[in-house]
There are 2 protein chains.
Amino acid sequence: MTAATHPSKQDVKVAVDAVIFTVRDGRLMTLLIQMNKRPFTGRWAFPGGLLGDRQTALAAVRRILREQTGIAPSYLEQLATFDDPGRDPLGRVISMAYFALIPDAGARLRTTAKYTDVRWWPVAGLPALAYDHREIAAAALARLRAKLGYTNIAWSMLPREFTFADLQEVYEAILGRGLDKRNFRKKMMSLGLIAPSGNLARGGSHRPAALFRFRDRRPSFMDIL
Amino acid sequence: MTAATHPSKQDVKVAVDAVIFTVRDGRLMTLLIQMNKRPFTGRWAFPGGLLGDRQTALAAVRRILREQTGIAPSYLEQLATFDDPGRDPLGRVISMAYFALIPDAGARLRTTAKYTDVRWWPVAGLPALAYDHREIAAAALARLRAKLGYTNIAWSMLPREFTFADLQEVYEAILGRGLDKRNFRKKMMSLGLIAPSGNLARGGSHRPAALFRFRDRRPSFMDIL
DNA sequence: ACAAAAGTGTTGTTACTACACCCATGG
DNA sequence: CCATGGGTGTAGTAACAACACTTTTGT
């Protein structure tokens with residue numbers, strides 16, 4: 001049961017914040033923006049901003065990511081809402097946190113003069129974060145690891161064509177541990193979700209790897225790991 | 001990155017709504033309140049209300065449940081936030097939905113004259129709901145079923161002592177399908193989370209059932225089903 | 001020919017499913 | 001002694017983990 005009345009003290013500002021993950025060079029990375037406003041000047045934070053007047057939170061996140069980073073994530077879902085009354089020293093602002101994934105290839109940053117700095121940071125070594133963003137980071141990582149086991153979200157972190165080494169690298173970076181190459185290939189093949197594209201990844205001074213494609217990029221659920 | 005400024009058009013009301021589940025007579029039930037305010041007079045909705053000024057959402061849910069139903073849930077967690085700009089016809093109100101469980105024994109209702117009616121409804125046959133509460137119900141049910149498989153939340157729907165029949169009834173009601181009695185008992189015993197209390201449940205004209213207790217009532221994660 | 005990553009099978013163990021009868025009690 | 005739910009075991013199958021060598025290419 002919800003009730004709407006007229007503007008009152010109970011009114012609250014609603015922010016959206018996005019935790020964007022990608023895997024680069026075998027490391028799980030996330031995007032942070034260096035703040036240029038008090039009281040967190042110089043601190044790093046997830047990209048975010050206030051919810052627009054007649055805008056859904058999802059649309060707000062997309063807009064804010066475009067403006068602040070130039071990124072259009074390939075996967076985006078609501079994570080959780082953080083509402084501690086003291087989380088923003090300047091007033092009551094609750095944050096609807098979102099969870100986003102992107103392939104390394106799409107992770108080129110638009111840098112604008114508007115923000116001090118925008119950078120990818122390894123999840124294993126984040127700097128001091130503003131607000132309660134440390135807590136948001138922990139929740140996002142937990143969600144990512146959990147979903148890896150029963151959905152195909154890893155798809156969203158890979159380009160159209162990829163090698164088995166690429167795919168396994170994503171899983172290993174997220175889980176933070178190595179996986180057996182043969183068992184991994186067997187499992188992925190048995191799921192029937194990927195198919196060889198017919199092309200080869202040449203380039204190293206070694207045997208070229210077969211390239212694969214996802215049969216279907218839409219989200220689906222299954223036992224993966 | 002979030003930013004706090006002074007009151008503005010962007011301010012929003014934040015409601016909390018709670019989906020409370022219990023299992024009674026083998027059926028999964030949820031608690032609804034009949035509304036007495038326009039524009040949803042007579043419609044049913046989950047208990048809820050506006051977030052207090054310097055109150056966490058969790059505290060707000062606890063308070064509202066106490067006031068509206070007299071119930072103190074044994075399990076309570078955030079579900080998701082529903083923010084469609086048109087979800088409340090009277091203004092911009094986003095709803096932080098919560099997910100609660102309670103044993104049948106604790107589900108006695110405090111009925112007050114303040115609300116038209118407060119009733120347990122079988123999840124399989126809910127009436128027409130106000131706002132976007134149909135969507136909230138679907139999300140809550142999905143969460144419940146998912147968590148049943150990898151957490152011990154079912155614990156929160158049982159009294160201190162219970163028989164295997166009680167335990168299995170909870171699982172079957174939630175999943176909406178029957179389970180094999182022997183396999184179920186084997187699995188539950190192998191998890192090592194319950195132990196016989198030594199007492200027997202007398203009462204039927206049949207062999208009395210052994211009563212069990214949870215070794216530990218705190219939330220934990222494992223492969224259950 | 002060598003370095004470097006790609007690719008490939010088997011075996012043992014463990015977890016899951018399906019299935020039917022005897023037991024203890026109250027009336 | 002009968003009706004009612006309580007309580008138990010086995011066998012076949014499927015999924016998982018551990019493990020090392022051969023292949024193909026570039027230099």
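Proteins come first, then strands; the chains are lettered A, B, ... in the order of their sequence lines, and each starts at number 1. The model shown is predicted, which means the values in this text are computed figures rather than measured ones.
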Tell me: CZ of B:Phe184 to P of D:dG7, nearest whole Å?
-> 13 Å
Side-chain donor-acceptor pair under 3.5 Å between A:Arg185 and A:Gln168, yes or no?
-> no
Those residues at least two apart in sequence (or on a different chain) that pass side chain to side chain contact (heavy atoms under 4.5 Å, CB included) with B:Ala57 are A:Asp83, B:Val16, B:Leu51, B:Met96, B:Tyr98
Take the protein atom CG of A:Leu179 and the nucleotide atom C1' of D:dC19, then report the distance between them rounded to whole Å.
-> 15 Å
May I have the distance from B:Leu191 (atom CG) to C:dA15 (atom C1'), rounded to whole angstrom?
-> 12 Å
B:Asn199 has an atom CG; how far is it from atom C1' of D:dG6, in whole Å?
-> 17 Å
Return the set of residues passing side chain to side chain contact (heavy atoms under 4.5 Å, CB included) with B:Ser74 (not counting sequence neighbours), or none when no residue passes.
-> B:Pro103, B:Ser156
Given atom CD of A:Gln168 and atom P of C:dA5, what is their separation to the nearest angstrom?
-> 14 Å
Can you check the A:Leu167 CG to C:dA5 C1' distance for me, whole Å?
-> 16 Å
Between CG of B:Asp223 and C1' of C:dC16 the distance, given in whole Å, is 12 Å
Within residues 169-203 of chain B or reaching into it, pairs that qualify as ring-ring contact (aromatic ring centres under 6.0 Å, His included) - sequence neighbours excluded | B:Tyr171-B:Phe184
Quick tally for nucleotides 17-27 of chain C: nucleotides whose base has a protein heavy atom under 4.0 Å get B, sugar-phosphate-only ones S, the rest -, giving BBBB--BBBS-
To the nearest angstrom, the CE-P distance between B:Met189 and D:dG9 comes to 12 Å
Compile the donor-acceptor pairs under 3.5 Å between side chains in residues 147-155 of chain B and protein atoms, sequence neighbours left out, one pair per line.
{"unit_1": "B:Lys147", "atom_1": "NZ", "unit_2": "B:Tyr75", "atom_2": "OH", "d": "3.4"}
{"unit_1": "B:Lys147", "atom_1": "NZ", "unit_2": "B:Glu77", "atom_2": "OE1", "d": "2.7"}
{"unit_1": "B:Thr151", "atom_1": "OG1", "unit_2": "B:Lys147", "atom_2": "O", "d": "2.7"}
{"unit_1": "B:Thr151", "atom_1": "OG1", "unit_2": "B:Ile153", "atom_2": "N", "d": "3.3"}
{"unit_1": "B:Asn152", "atom_1": "OD1", "unit_2": "B:Ser220", "atom_2": "N", "d": "3.1"}
{"unit_1": "B:Asn152", "atom_1": "ND2", "unit_2": "B:Arg218", "atom_2": "O", "d": "2.9"}
{"unit_1": "B:Asn152", "atom_1": "ND2", "unit_2": "B:Ser220", "atom_2": "OG", "d": "3.3"}

Under the ring-ring contact (aromatic ring centres under 6.0 Å, His included) rule, collect the residues that match up with B:Phe212, sequence neighbours excluded.
-> B:Phe164
